[in-house]
Amino acid sequence: MLTFDFRRYHIRSINAASDAERAAINQELKDLYASLSDAEKDVFNQQLQLFLSKEVGRIKSDYESVKGGLGDN
């Protein structure tokens, strides 16, 4: 099964030294997507949605823990 490593792109984007570098990373993803067959695009989209939902959940959890910790002070 085809597997995409969105975390690698995400970490690279977070650590990008400039907006231009971040744009280049985004373009890599766009080029990768454009090179895929329709079936592969479906897998890409499903895996991307799963990655994004996990990341949003993680960020929400981190936020709530920080927010809760701030409320105790």
Which side-chain N or O atoms in residues 8-17 pair as donor and acceptor under 3.5 Å with protein atoms at least two apart or in another chain?
unit_1 : atom_1 : unit_2 : atom_2 : d
Arg12  : NH1    : Glu28  : OE1    : 3.1
Arg12  : NH2    : Glu28  : OE2    : 2.7
Asn15  : ND2    : Ile11  : O      : 3.1

Please identify each residue that fulfils side-chain contact (heavy atoms from CB on, under 4.5 Å) with [X], with sequence neighbours left out.
X     : answer
Ser35 : Leu32
Thr3  : Gln47
Gln46 : none
Leu50 : Ser53, Lys54

Practice task
Return each pair, listed once, that meets ring-ring contact (aromatic ring centres under 6.0 Å, His included) where at least one residue sits in residues 14-39; pairs must be two or more places apart or across chains.
Solution key: Tyr33-Phe44
Practice task
Please collect all salt bridge (charged side-chain N to carboxylate O under 4.0 Å, His left out) contacts where either partner lies in residues 29-41, sequence neighbours excluded, each pair once.
Solution key: none
Handout entry: Linked, directly or transitively: Phe51 and Ile59 (ILVMFWY side chains, under 4.5 Å)
Key = no
Fill in the blank from the handout: Nearest heavy-atom contact between Val43 and Leu2 is CG1-O, 3.7 Å
